[in-house]
**Student:** 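Got a structure here, written out as C-alpha cells. Questions coming.
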2 protein chains.
Amino acid sequence: MAKPIGGTKTAASIEEKGRGRPIKRVREKTSEPIQTLAEAVAARIREKVISGKLTPGSHLSEIALSEELQVSRNTLREVFRLLTKEGLLRYEANRGVFVATPSMSTIIDIYRIRRFIEIPSLAQAHPRHPAVKKMRASVDAAHRCRDADDWLGVGSADIGFHAAIVELADSPRLAGFYAQVSLELRLVFGLLQDPEFLHAPFIDQNTLIVTQVENGNSAAAAEILEAYLAQAERFILSAYARVASASSRGFE
Amino acid sequence: MAKPIGGTKTAASIEEKGRGRPIKRVREKTSEPIQTLAEAVAARIREKVISGKLTPGSHLSEIALSEELQVSRNTLREVFRLLTKEGLLRYEANRGVFVATPSMSTIIDIYRIRRFIEIPSLAQAHPRHPAVKKMRASVDAAHRCRDADDWLGVGSADIGFHAAIVELADSPRLAGFYAQVSLELRLVFGLLQDPEFLHAPFIDQNTLIVTQVENGNSAAAAEILEAYLAQAERFILSAYARVASASSRGFE
DNA sequence: ATACAAAAATTGTTGAACAGTCTGGACTCG
DNA sequence: CGAGTCCAGACTGTTCAACAATTTTTGTAT
C-alpha cells in the first residue's frame with residue numbers, strides 16, 4: 001500500500017515559529033541514552049576504534065561496514081559525519097573515511113589542551129563540589145583494576161578521573177570538548193603497547209591529587225597535576241616515537 | 001543497465017591496513033574549501049541561522065527544507081548531524097531538528113569559556129606571533145565597518161579578533177572548539193536587537209588590547225580583556241533578559 | 001619496467017517506499 | 001463544559017535500488 005508522503009507542499013513554510021508550546025520533557029543529557037540507530041552504530045564504531053579493533057589509518061568501506069553492522073549505507077554515512085566531527089575519523093573526498101592517525105603533533109596538542117583546561121579547573125576547585133566524589137570514585141576504580149591486572153580498565157578510570165577534574169569548572173561545553181579530546185587520546189593509547197608501563201605510575205599521583213582537593217588544598221593539587229601532565233606527555237611521546245620508528249623501519 | 005554494487009563481498013575484510021601508501025596531497029585545512037554537497041548545504045544553513053533568517057526554536061522540516069535547498073532528504077540529514085554536533089541545531093527524537101535556543105545559562109557558559117580560554121591565551125602571547133597581525137587586521141576591519149554603520153560586520157570583525165587571540169595558543173583543536181562557541185554566540189547576537197549598543201563599546205577596547213600586545217605587554221592586555229569579557233557578559237545578559245521578558249509577555 | 005587506456009570498485013547523491021511516532025481533531029462519556 | 005479515547009494525517013527513522021562522478025586496479029602495448 002503506497003503512502004506518498006511529501007506530496008505537494010509549497011516550499012513556503014520552511015520554518016514555523018515554535019516558541020509557543022511548552023516543552024514536554026527536557027530529557028536531561030546524562031550522556032544521552034542512544035535514541036536513534038545512528039547513535040548506536042556510532043557507539044559501536046567508537047568502541048571498535050578505541051579498543052584497537054580498527055587500527056588508525058585503515059579505510060572504512062561503506063558497503064562492507066554497512067553489511068557487517070546491518071545498517072544501510074545512508075545511516076552509516078550519518079554516523080561517519082558524527083565521528084568525523086568528533087575527530088575519530090578523517091574524511092577524504094571521493095576516497096571515503098579512514099580511522100584518524102594520531103601524530104606527534106596530535107599528542108602535543110592534546111597535552112597542551114589538557115594543561116590549559118585541567119590545571120585552572122583544578123586550581124579553582126571547591127572541596128565540596130560534586131565532581132570531587134567522582135574523582136575519588138575513579139581512583140578507587142583504578143586501584144581495583146590494577147589489582148585485577150585490567151590495564152584497559154585503568155586507562156578508562158584515568159580518563160574518568162580527569163573528566164571529573166574538568167567537571168569542576170561547571171561548563172557543559174568545556175566538558176564535552178574535553179571528552180572529545182580524551183577520545184583522541186584513547187586512540188593514541190591503543191597505538192601504544194605496554195599499558196602497564198603507561199598507566200601504573202599515575203594511579204598514585206591521582207590519589208594524591210584527589211586527597212589534596214578533599215582537604216581544600218586545591219593549589220597543591222594543581223601543582224601535582226602539572227607535574228603529572230608534563231611527565232605523562234613525555235612518557236607518551238617517547239613511547240609513540242618508539243612505535244613510529246619501529247613501524248617505519250618496515251616492521252609491519 | 002543495472003549495476004549491482006555490493007555483490008557478494010564476504011563481510012570479512014571490513015578493514016585493511018593502510019599504512020603503506022604515501023599520501024598524495026595532505027590538503028591543508030584552511031577552513032576546508034567545501035568539497036561535498038553536504039558541506040555546502042551546511043554552510044548555507046549556518047549562514048541562515050546566524051543571519052537570523054532561521055530563528056531559534058523554529059522547526060526545520062526535512063521535506064520542506066530539502067525541497068528548498070534542492071537536495072535529497074538523506075543528504076540533508078547528514079547536514080543536520082553536522083550542525084547538531086556544532087551546537088547550532090538541536091535534535092529531538094522522532095520530532096526532528098530545531099534551531100538551538102540559547103538561554104541565560106548558554107550565555108553564562110559561553111562567557112565562562114571565553115574567560116577560560118582567551119585570558120591565558122592572551123597572557124602568554126608573544127608580540128611577534130603571526131596571530132597578532134590578524135588581531136590588528138580585525139580591529140581595522142571593525143573600525144571600517146563602524147564608519148559604514150555595518151554593525152553586522154562589526155560583529156564579525158569582533159569574533160575574528162577574539163578568534164585570533166585564541167590562535168595565540170597554537171592549538172588547532174582549541175581554535176576549532178572556540179570557533180564553535182563563537183557560532184553559538186552569534187546565534188545569541190541574532191536574538192538581540194540594537195547591535196550598535198552591543199558592539200560599539202568594545203571596538204576601542206580591542207584596539208587597546210592589540211596595541212598592548214604589539215608592545216610586548218601581554219599581561220596588561222590580558223587585564224583589559226578580562227574587564228572586557230566581564231562587561232560584555234553583563235551587557236549581553238541584560239539585553240537578553242529584556243528580550244526574553246518581552247517575548248514571554250506575549251509580545252510575539 | 002613504464003605508460004596509458006579500459007574495466008572494476010567506491011563514493012556521492014537521489015528518489016521512493018514503508019514502519020514507527022507524534023499531533024491535533026472528532027467523538028464519546030460523564 | 002471538560003476529560004479521556006480513538007483515529008487519521010504528517011513527519012521522522014531507516015532501508016533499498018539506482019546512477020553519476022571519481023578513484024583504483026587491471027591489462028596491454030611500448
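A, B, ... follow the sequence lines: proteins, then strands. Residue 1 opens every chain.
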**Student:** Before giving the answer on salt bridge (Lys or Arg N to Asp or Glu O under 4.0 Å), spell out for A/K133 and A/E167 the whole-Å C-alpha distance, their side-chain angles and the decisive distance to 0.1 Å.
**Tutor:** CA-CA 11 Å; A/K133 275 192 207 113; A/E167 276 182 51; over 6 Å; no
**Student:** For the side chain of A/T36, counting heavy atoms from C-beta on, which of D/dT22, D/dG13, C/dT14 is nearest?
**Tutor:**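 So the nucleotide nearest the side chain must be D/dG13.
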**Student:** Return yes if the base of D/dG13 and the side-chain atoms of B/R95 contain a donor-acceptor N/O pair under 3.5 Å, otherwise no.
**Tutor:**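 Per atom types, no contact qualifies.
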**Student:** List for me each residue that meets salt bridge (Lys or Arg N to Asp or Glu O under 4.0 Å) alongside A/R186, sequence neighbours excluded, and say none if there are none.
**Tutor:** none
**Student:** Using whole Å, what does the distance between atom P of nucleotide D/dT15 and atom CD of A/E67 come to?
**Tutor:**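 After rounding, the gap between these two atoms is 13 Å.
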**Student:** Take atom CD of B/E92 and atom C1' of D/dG13, then tell me their distance rounded to the nearest Å.
**Tutor:**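 Taking atom C1' of D/dG13 as the reference, CD of B/E92 is at 15 Å.
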**Student:** Just by distance, no angles: are the side chains of B/Q35 and A/Y91 close enough, under 3.5 Å, to form a donor-acceptor pair?
**Tutor:**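 Not at all, the side chains of B/Q35 and A/Y91 share no donor-acceptor pair under 3.5 Å.
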**Student:** Using a cut-off of strictly less than 4.0 Å between a heavy atom of the residue and any atom of DNA chain C, enumerate the qualifying residues of residues 74-84 of chain B by number.
**Tutor:** B/N74, B/T75
**Student:** Among C/dG15, C/dT11, D/dT12, which nucleotide has an atom closest to any side-chain atom of A/E62?
**Tutor:**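 Output: C/dT11.
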**Student:** Could you please name the option among C/dA17, C/dG12, D/dC11 that lies closest to any side-chain atom of B/H59?
**Tutor:**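 Ranking C/dA17, C/dG12, D/dC11 by closest atom to the B/H59 side chain puts D/dC11 first.
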**Student:** Side chain of A/R73, heavy atoms from C-beta onward: which of C/dG12, D/dT12, D/dG13 has the nearest atom to it?
**Tutor:** C/dG12
**Student:** Could you list the residues that satisfy salt bridge (Lys or Arg N to Asp or Glu O under 4.0 Å) with B/R81, not counting sequence neighbours?
**Tutor:**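 So B/R81 forms a salt bridge (Lys or Arg N to Asp or Glu O under 4.0 Å) with A/E78.
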**Student:** Considering residues, nucleotides and ligands other than B/L152, do more than 12 of their heavy atoms fall under 6.0 Å from its CG?
**Tutor:** no
**Student:** Roughly, in whole Å, what's the span from CD1 in B/I63 to P in D/dA10?
**Tutor:**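 My rounded result for the distance is 9 Å.
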**Student:** Please report the distance, rounded to the nearest Å, between CG in A/N94 and P in C/dT13.
**Tutor:**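 It is 8 Å, rounded to the nearest whole Å.
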**Student:** How long is the line joining CD of B/Q35 and C1' of C/dT13, in whole Å?
**Tutor:**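 Interatomic distance, CD of B/Q35 to C1' of C/dT13: 15 Å.
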**Student:** Hey, do the aromatic rings of A/F189 and A/H199 have their centres closer than 6.0 Å?
**Tutor:** yes
